[in-house]
Structures are given as C-alpha cells and as structure tokens.
Enquirer: 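Supplied in structure tokens, the structure appears directly below.
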Number of protein chains: 2
Amino acid sequence: MSATKEVVVRLTKYKNVLEKLRSLGFVKVFSDNLADAVGVSPALVRKDFSVFGLTGKKRAGYQVDDLIAQLNRILGVDEVQRVIVVGCGKIGTALMRYRGFARERIRVVAGFDVDPSKIDPNAPIPIRDINEMPYIVKSEKIQVAILAVPETVAAQVAEALIAAGIRGILNFAPILLKSQNNVVVQNINIALELENLFCLLRFAEQGLDRGRP
Amino acid sequence: MSATKEVVVRLTKYKNVLEKLRSLGFVKVFSDNLADAVGVSPALVRKDFSVFGLTGKKRAGYQVDDLIAQLNRILGVDEVQRVIVVGCGKIGTALMRYRGFARERIRVVAGFDVDPSKIDPNAPIPIRDINEMPYIVKSEKIQVAILAVPETVAAQVAEALIAAGIRGILNFAPILLKSQNNVVVQNINIALELENLFCLLRFAEQGLDRGRP
DNA sequence: CGCAATATGTGAAATCCTTCACGAGTGAGC
DNA sequence: GCTCACTCGTGAAGGATTTCACATATTGCG
Ligand SMILES: NC(=O)c1ccc[n+]([C@@H]2O[C@H](COP(=O)([O-])OP(=O)(O)OC[C@H]3O[C@@H](n4cnc5c(N)ncnc54)[C@H](O)[C@@H]3O)[C@@H](O)[C@H]2O)c1
Ligand SMILES: NC(=O)c1ccc[n+]([C@@H]2O[C@H](COP(=O)([O-])OP(=O)(O)OC[C@H]3O[C@@H](n4cnc5c(N)ncnc54)[C@H](O)[C@@H]3O)[C@@H](O)[C@H]2O)c1
C-alpha cells in the first residue's frame with residue numbers, strides 16, 4: 001500500500017484527534033479509539049500507520065505523545081506554516097481573523113486586495129495592494145495562498161500567484177482550479193456543499209436508487 | 001452501479017458546469033467537455049448519466065437544456081432551497097451575505113445567535129435569538145442549517161438543531177459531527193484543508209509521494 | 001511466574017470505483 | 001441518399017482501497 005492523498009488526509013485527522021486527546025490527559029490510545037473519532041475502521045487506522053512505519057505495542061496500543069511527534073515529523077508541521085490571504089472581502093476577512101489557525105501552527109502573514117479602501121499596511125495583519133504581492137511572496141518565501149477573490153477574476157489571480165512563486169492554493173471561488181505542474185490546489189466550494197446536502201437529504205427521503213433498471 | 005454519494009456530488013458539478021455553458025450559449029455538449037470541466041474521465045461521465053437513465057444521442061452528444069432540466073429533477077432543486085445560519089460571527093456573517101447562494105437557488109432565511117448585540121430581527125435577513133430557533137424551524141419548515149458557532153458549543157448546538165427538526169447540517173466547527181439516523185452532516189474544516197495543503201506540498205517537494213500518477 | 005486476555009500488524013479476500021474497449025446508432029457532408 | 005467519422009452506452013477488466021481474519025506479541029493479574 002502506498003501513500004495516496006487520502007492517506008495523508010487521514011493522518012492529519014488522526015493527528016488533530018490525538019492533540020485533543022492529549023489535552024484531555026490521554027497517554028495511550030487504541031486503533032479503535034482513533035477509528036471512532038475519525039469515522040473509519042480500526043483496521044484502516046493500523047494500515048495507514050503501517051505505511052509509515054508507525055508502530056504500537058501489541059497490547060498497549062499507541063503512545064499519544066510518541067504518535068503526535070512522529071506524525072508531525074511525517075507531515076512536516078514542525079515549524080509555523082505561513083500563508084497569505086488574497087481578496088480581503090467578506091470571506092477573506094473572516095479567515096484573516098480566524099483564531100483557529102493559530103492552534104494548527106498556521107499564521108496569516110498578510111492580506112492583499114485591489115480595493116484601495118481595504119488597504120491598511122499597519123494593521124496587525126497588514127493588508128497590502130495586490131501589486132505588491134509578487135514582491136512580498138518572494139521576499140517572505142511564502143508558498144501557500146488562500147484565494148478569496150470574486151469568481152470573475154479568480155483564474156487570472158491564481159495565475160499571478162503561481163507566477164509569483166506560490167505553490168499551494170486554497171481556493172474559495174466557485175471555479176475548479178486544477179492542480180498542475182508543481183502547484184497543489186484545494187478547491188472549497190461552499191455553495192456546492194450545500195447543494196449536495198439538499199440532494200442527499202432528498203435522496204435519503206426517497207431512497208437512493210432512482211435510476212432505471 | 002448504484003447511486004453513491006460520490007455520484008451525486010459529481011452530478012451537481014455537471015449541473016453547475018452545464019449552467020455556465022448554457023449562459024455561454026452552448027446548445028449541445030459531449031461527455032468529453034464535461035469530463036474536462038469537472039476533472040474526471042469521459043467514460044465516468046457517461047456511466048454517471050446511465051445510472052439515472054440520462055441519455056444523449058449517438059453523435060450529437062447531450063442537449064444542454066434537456067440535461068439541466070433532468071438533473072434538476074433528479075437532484076430535486078426545482079424550488080428555492082431554504083437554510084438558516086446558526087452563529088452569526090465572522091464566518092456566519094460572511095455566509096449570510098454571500099451573493100453566490102442566490103445563483104444556486106439557495107436562500108438564507110434567518111440567522112441565530114446567543115449574543116444580544118448581534119440580534120436584529122428587522123435586518124433584510126433577520127438575526128434572532130437562538131431560543132427562537134426551534135419555533136422558526138418548525139413554523140418555516142426549515143430542513144438545513146449552517147453551523148458556525150464556536151467549537152466548544154458546536155456539538156450541543158447541533159443536538160438542539162436536530163431536536164428542532166433540522167435534517168441536514170453544514171458544519172464549520174472543527175469537530176467531526178457524524179451523520180446518523182436521518183440526519184445528514186457535511187463537515188467543512190478549513191484549517192484541516194490548509195494543513196493538508198502544506199503536507200501535500202512537502203510531499204511533492206521531497207518526491208516522497210509514493211502515490212498515484 | 002505463568003496464563004489469559006487483548007490489541008497489533010499484515011497477507012489475503014472482498015468490495016468499490018474507474019477506465020477500457022468496442023458495438024451501435026447518427027448526424028454532417030458531399 | 002450514402003457514407004463514415006464520431007460519440008454514446010455498457011459489459012468486462014483493471015486498480016485501488018478497505019475489511020477480514022488470524023498469528024503474534026505484550027501486559028495485567030491472579
Ligand atoms: N462570502 C462567502 O461566504 C463565500 C462563500 C463561498 C464562496 N465564496 C467565494 O469567495 C470569493 C470571495 O467572496 P466574498 O463574499 O468575500 O466577496 P467580496 O466581494 O466580499 O470580496 C472579494 C474581495 O476581493 C477583492 N478583489 C477583487 N479583485 C481582486 C484582485 N484582482 N486581486 C485582489 N483582490 C481582489 C475585492 O476588492 C474584495 O475585497 C468569491 O469567489 C465567492 O464566490 C464566498
Ligand atoms: N472565521 C473563520 O474563518 C473560520 C474558519 C474555519 C472554521 N471556523 C469555525 O467556525 C466557527 C465560528 O467561527 P467564527 O470565527 O465565526 O467565530 P466567532 O466567534 O466570530 O462567531 C461565533 C458566533 O457564534 C455565536 N454563538 C456562541 N454560542 C452560540 C450558541 N450556543 N448558539 C448560537 N450562537 C452562538 C457567538 O455569539 C458568535 O457570534 C468556529 O467553530 C470556528 O472554528 C471559522
């Protein structure tokens with residue numbers, strides 16, 4: 001078995017759960033516990049761990065501290081991860097002010113916008129003109145950007161980010177940006193998630209098989 | 001092949017793409033076009049359609065109008081979908097003001113909060129006391145809620161929503177709410193997505209991705 | 001100390017999902 | 001009207017992922 005994207009996603013989930021468990025005073029944990037918390041089967045937890053050589057003890061489960069340390073090493077989140085927000089509108093501002101990032105060692109170092117009225121280089125998290133973006137990205141060696149600009153300009157701003165050296169984009173615009181040549185993109189489409197929720201509800205009501213035989 | 005959740009998700013994506021194509025004046029479309037736009041293979045597009053008896057013509061592809069109509073019927077989005085926002089803080093407010101929902105026929109009918117200073121029943125989208133939530137949910141027959149309250153109270157507020165009759169929850173709090181008995185939950189964990197982005201980047205860097213092509 | 005209980009680690013099996021490949025219509029062009 | 005290039009629809013094949021099941025190791029306990 002190899003390390004696919006799905007495995008990495010689950011490892012991150014395990015790690016987050018483990019951190020909560022540690023803060024509750026847990027010292028050891030079983031694959032069953034993690035499975036319940038993350039919503040997968042215990043066997044899968046053990047398989048995932050075995051891919052990376054994470055091992056427990058045959059009757060004592062896994063040491064929480066140990067496991068977190070190893071996961072941090074594997075996932076590479078030892079140091080603070082820095083990110084910029086591009087488009088400081090409604091959702092961009094909410095993200096800039098989100099306190100939950102700190103807990104995951106994520107720091108928003110700056111925001112960027114075209115609208116002069118948004119710009120404020122002296123704020124705790126400065127908001128700068130989008131034209132300064134390439135310079136800051138280079139000088140600060142920023143690798144990841146949160147993209148929260150209007151749909152109409154999202155593709156072109158994404159291009160600019162990549163040109164400036166950004167290698168990872170978390171995209172909130174409702175267009176499908178594609179991961180390609182060295183750039184990783186995660187698309188978050190909230191309206192789509194809501195739509196799906198409505199559909200799943202309707203399907204749950206009516207039974208999931210509406211196709212013709 | 002049966003209609004799994006993944007198929008429904010893709011159908012919604014096809015539908016969104018089709019609506020954009022229609023607004024561009026497209027009349028017919030091929031499985032290849034949809035495949036490119038959604039990032040899957042043409043064969044899968046056709047398979048997905050065949051599950052629901054959606055058929056095209058052997059050389060003329062699919063009629064855009066037709067397909068949208070059928071997808072709307074299948075997905076059940078003929079009428080406006082109504083939703084409430086629970087927790088009108090940073091992200092809750094951003095969502096309440098999001099204009100993109102209208103295009104997908106989603107309407108936020110009210111917000112709810114505990115903080116008296118947030119409450120404003122006369123706003124275009126009224127913000128009410130959380131205590132009124134059960135009453136409004138019942139009288140307005142609301143089925144779906146966006147949950148944007150602090151992590152610490154998210155589980156208990158979710159319980160209250162379900163007790164009030166809510167059947168679908170889009171959860172932004174960084175805890176894993178589980179779908180169970182008649183209630184569908186979609187979790188959106190933005191910090192987790194960012195963390196994954198950083199990990200994937202690091203993996204890509206180090207050539208450690210013993211994964212898929 | 002020795003035993004029994006219990007959780008891990010992992011090949012094998014099962015399941016699920018996607019792609020392949022090709023027969024079969026069909027519309028466009030001549 | 002005929003042809004043929006082109007796209008659909010779909011069974012079969014292929015891959016990927018998950019679960020099963022059990023040998024194995026360890027620990028708590030009497
Ligand atoms: N608000 C939400 O809850 C929500 C939900 C889901 C998706 N989205 C998506 O997120 C994006 C932003 O939405 P919003 O509601 O925050 O919109 P918004 O209009 O409030 O904010 C967009 C911001 O981007 C800035 N901007 C425009 N062009 C720019 C450019 N070229 N470079 C830099 N900045 C630029 C604007 O000045 C504005 O401040 C949209 O694509 C939207 O579809 C928003
Ligand atoms: N801000 C972000 O960008 C962001 C990103 C990802 C996830 N989240 C998550 O979304 C949730 C909200 O985050 P936020 O930044 O908007 O926080 P916030 O503090 O700005 O807003 C939370 C709101 O919930 C209200 N509230 C508290 N208890 C309530 C209750 N019992 N019933 C109803 N309302 C109640 C508060 O009064 C407040 O208005 C959190 O769980 C957070 O982890 C936020």
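None of the values given here were measured: they were computed from a predicted structure.
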Enquirer: Both Val40(B) and Ala43(A) contact DNA chain C. Taking the nearest nucleotide for each, which residue is further toward the 5' end?
Expert: Ala43(A)
Enquirer: What is the distance, rounded to the nearest whole Å, between atom CD of Glu6(A) and atom P of dT18(C)?
Expert: 11 Å
Enquirer: Send over the distance from Leu54(B) CG to dT10(D) P, rounded to a whole Å.
Expert: 12 Å
Enquirer: Can you tell which of dG23(C), dC20(D), dG9(C) lies closest to the side chain of Arg46(A)?
Expert: dG9(C)
Enquirer: What nucleotide among dT19(D), dG27(C), dT8(C) has an atom nearest to a side-chain atom of Ser41(A)?
Expert: dT19(D)
Enquirer: With a non-hydrogen cut-off below 4.0 angstrom, is Tyr62(B) in contact with a base, only sugar-phosphate, or nothing?
Expert: sugar-phosphate
Enquirer: Please pick, from dT18(C), dG11(D), dG9(D), the nucleotide with the shortest atom-to-atom distance to any side-chain atom of Lys47(B).
Expert: dG11(D)
Enquirer: Starting from P on dG9(C), measure out to CZ on Phe49(A) and report it in whole angstrom.
Expert: 9 Å
Enquirer: With the side chain of Lys58(A) defined as its heavy atoms from C-beta on, choose the nearest nucleotide among dT17(D), dC20(C), dG9(C).
Expert: dG9(C)
Enquirer: Does Thr55(B) place a side-chain N or O at less than 4.0 Å from the phosphate oxygens OP1/OP2 of dG9(D)?
Expert: yes
Enquirer: Counting side-chain heavy atoms from C-beta on, which of dC8(D), dA7(C), dT27(D) comes nearest to Ser31(B)?
Expert: dC8(D)
Enquirer: Within this structure, what is the CZ-to-P distance between Phe30(B) and dC8(D), rounded to whole angstrom?
Expert: 7 Å
Enquirer: Going through the distances and angles, do Phe49(B) and Thr55(B) end up as a side chain to side chain contact (heavy atoms under 4.5 Å, CB included)?
Expert: CA-CA 7 Å; Phe49(B) 285 179; Thr55(B) 112; over 6 Å; no
Enquirer: Among dG27(C), dG23(C), dT10(C), which nucleotide sits nearest the side chain of Arg59(B)?
Expert: dG27(C)
Enquirer: With Cys199(A), which of Ile74(B), Val184(B), Thr12(B) fulfils side-chain contact (heavy atoms from CB on, under 4.5 Å)?
Expert: Thr12(B)
Enquirer: Tell me: CD of Gln63(A) to C1' of dT8(C), nearest whole Å?
Expert: 14 Å
Enquirer: Are any non-hydrogen side-chain atoms of Ile136(A) and Phe112(A) less than 4.5 angstrom apart?
Expert: yes
Enquirer: Can you tell me the distance, in whole Å, between the CG atom of Asp32(A) and the C1' atom of dT19(D)?
Expert: 13 Å
Enquirer: Out of dT18(C), dT18(D), dC20(D), which nucleotide sits closest to the side chain of Arg10(B)?
Expert: dT18(C)
Enquirer: Between Glu151(A) and Arg99(B), does at least one N-O distance fall below 4.0 Å, as a salt bridge requires?
Expert: no
Enquirer: Of the options dT8(C), dT10(D), dG27(C), whose atoms approach the side-chain atoms of Ala60(B) most closely?
Expert: dG27(C)
Enquirer: Does this structure show an ion pair linking Glu195(A) with Arg105(B), if we count only N-O contacts that are shorter than 4.0 Å?
Expert: no
Enquirer: Figure out the CG/P separation between Leu44(A) and dA12(C), and round it to whole Å.
Expert: 19 Å
Enquirer: Roughly, in whole Å, what's the span from NZ in Lys57(B) to P in dA5(D)?
Expert: 23 Å
